[in-house]
Amino acid sequence: MTQNDLYTVQPTFENEIVLLRPITDEDIPALLRCYSDVHAVPLFNSDNCNGDDFHYTTPEQMEKAVAFWRQSYLDRAFIRWAAVDQSLTEVVGTVEMFHRIADDADNHVGLLRVDLQSRFETRAFIHALLSLCLRHFFEGFEVERIITKAPPQARERITALEAAGFVPMPRTLGSYPFYYERIR
């Protein structure tokens, strides 16, 4: 599956722990639990998002974000999936990915954003989510490198990233620190 295919019909990916599927309007209450989680917000990657910190506290804010994500998919800017915990069949966050085009050393890399409710910021859940992303996103987004952010307080995430073969980037991404990278 190539990047062109991903933007034709948004695929669903799953393993025994995590399901990534297109976001629906029915997901808005569950997504609001994630994006209103004050313990989760500091771990979100909101770099280069025009000042949006992704802390949403009303259904209207969440609806507006979902509408923006859908339009961004139609514009081929990025793809955002609902992340579902398979054991609970509950949406617990989102995963976003895109092929980054920039005039710098990190041109043509995949940028992975993972937003989860704080109770799912566990090594096991993130490892399962990362293994699913790594299995599909290199080829799907036509990239040889995937980068993602993990601030120092995201200890469980960092441990899962390192177990999945990610290493700290030796430089910042633009002016943003705390990025990890994985080469195919």
Side-chain angles (χ1 to χ4, degrees), residues 1-37 39-41 43-46 54 56 59 61-99 110-143 146-150 154 156-166 180 182 184:
M1 182 168 284
T2 66
Q3 186 168 329
N4 289 334
D5 296 334
L6 295 175
Y7 285 101
T8 302
V9 176
Q10 185 176 353
T12 296
F13 303 117
E14 69 180 304
N15 58 29
E16 62 283 350
I17 296 173
V18 182
L19 166 69
L20 298 179
R21 63 158 174 75
I23 296 170
T24 67
D25 287 338
E26 291 75 31
D27 297 331
I28 289 172
L31 290 171
L32 187 58
R33 283 192 294 279
C34 175
Y35 288 94
S36 65
D37 181 342
H39 300 291
V41 172
L43 305 184
F44 297 165
N45 178 354
S46 58
F54 291 86
Y56 306 135
Q61 289 174 309
M62 198 72 251
E63 289 166 9
K64 185 177 176 183
V66 167
F68 175 73
W69 297 339
R70 284 191 183 126
Q71 187 59 51
S72 296
Y73 175 76
L74 294 173
D75 294 342
R76 303 172 72 83
F78 60 79
I79 301 175
R80 192 173 283 253
W81 286 267
V84 179
D85 177 288
Q86 295 272 49
S87 67
L88 301 173
T89 63
E90 175 184 329
V91 174
V92 299
T94 66
V95 169
E96 176 187 303
M97 179 73 175
F98 63 93
H99 182 123
L111 185 62
L112 175 66
R113 292 179 168 148
V114 177
D115 299 342
L116 298 172
Q117 289 180 34
S118 58
R119 67 188 176 117
F120 290 90
E121 278 287 333
T122 66
R123 236 173 280 177
F125 190 83
I126 294 169
H127 180 73
L129 186 144
L130 289 171
S131 68
L132 191 58
C133 294
L134 293 172
R135 186 175 326 131
H136 298 285
F137 289 179
F138 283 111
E139 182 180 329
F141 287 91
E142 300 170 347
V143 296
I146 293 177
I147 57 178
T148 192
K149 187 174 184 178
E156 294 284 309
R157 185 177 295 210
I158 290 168
T159 301
L161 285 166
E162 290 172 344
F166 283 81
Y180 287 73
R182 162 80 192 265
R184 192 174 199 167

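The chain is numbered in sequence order, starting from 1.
With Q117 contributing its side chain and A40 its backbone, the two residues share no donor-acceptor pair below 3.5 Å. For Y73 (side chain) and P22 (main-chain N/O), no donor-acceptor pair under 3.5 Å exists by modelled atom type. A distance-only check finds no donor-acceptor pair linking the side chain of S72 to the backbone of F78 [under 3.5 Å].
Looking at V18 and V95, their side chains never come closer than 4.5 Å, going by heavy atoms from C-beta outward. Using a 4.5 Å heavy-atom cutoff, the side chains of E121 and R157 are in contact. Annotation: side chain of E139 is in contact with side chain of R184 (closest heavy-atom distance under 4.5 Å). Looking at heavy atoms from C-beta onward, L31 lies in side-chain contact with I23 at the 4.5 angstrom threshold. For the pair R70/D25, a side-chain contact is recorded, criterion being any heavy-atom separation below 4.5 Å from C-beta on. At least one side-chain heavy atom of T94 sits under 4.5 Å from a side-chain heavy atom of Y35. I17 has its side chain out of reach of S87: every pair of non-hydrogen atoms, C-beta onward, lies at least 4.5 Å apart. M97 places none of its side-chain heavy atoms less than 4.5 Å from the side chain of I79.
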Residues R113, F44; criterion side chain to side chain contact (heavy atoms under 4.5 Å, CB included); working and verdict: CA-CA 7 Å; R113 292 179 168 148; F44 297 165; over 6 Å; no
Using side chain to side chain contact (heavy atoms under 4.5 Å, CB included), reason through F166 and I146 one step at a time and then give a plain yes or no. CA-CA 9 Å; F166 283 81; I146 293 177; 4.3 Å; yes
Apply side chain to side chain contact (heavy atoms under 4.5 Å, CB included) to the pair K64 and Y56, showing each step before the final yes or no. CA-CA 10 Å; K64 185 177 176 183; Y56 306 135; over 6 Å; no
Quick one: do D115 and R80 satisfy side chain to side chain contact (heavy atoms under 4.5 Å, CB included)? Show the steps, please. CA-CA 10 Å; D115 299 342; R80 192 173 283 253; 3.1 Å; yes
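With hydrogens and angles left out, the side-chain atoms of T24 and D27 include a donor and acceptor closer than 3.5 Å.
Between A150 and L161, the closest heavy-atom pair is CB-CD1, 3.6 Å. Scanning all heavy atoms of the two residues, the minimum distance from L116 to A83 falls at CD2-CB, 4.4 Å. Of all heavy-atom pairs spanning L6 and P11, the tightest one is CD2-CG, 3.4 Å. Minimum interatomic distance between R76 and Q3 (heavy atoms only, all atoms of both residues): NH2-O, 4.2 Å. Smallest separation of non-hydrogen atoms from I28 and P59: CG2-O, 4.3 Å. Taking both residues in full, the closest heavy atoms of V84 and R21 are given as CG2-NE, 3.9 Å, listed atom of the first, atom of the second, then distance.
For the atom pair CG (D85) and CD (E90), the distance works out to 7.0 Å, reported to the nearest 0.5 Å. Going from atom CH2 of W81 over to atom CH2 of W69 covers 13.5 Å, rounded to the nearest 0.5 Å. Annotation: the span from E156 atom CD to S118 atom OG amounts to 12.0 Å, rounded to 0.5 Å.
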Can you list, pair by pair, the side-chain donor-acceptor contacts under 3.5 Å of residues 128-137, counting residues two or more places apart and other chains?
unit_1: S131; atom_1: OG; unit_2: H127; atom_2: O; d: 3.4
unit_1: S131; atom_1: OG; unit_2: A128; atom_2: O; d: 2.9

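Every residue was checked against the ring pair (Phe, Tyr, Trp, His ring centres under 6.0 Å) condition with F98, not counting sequence neighbours, and none meets it.
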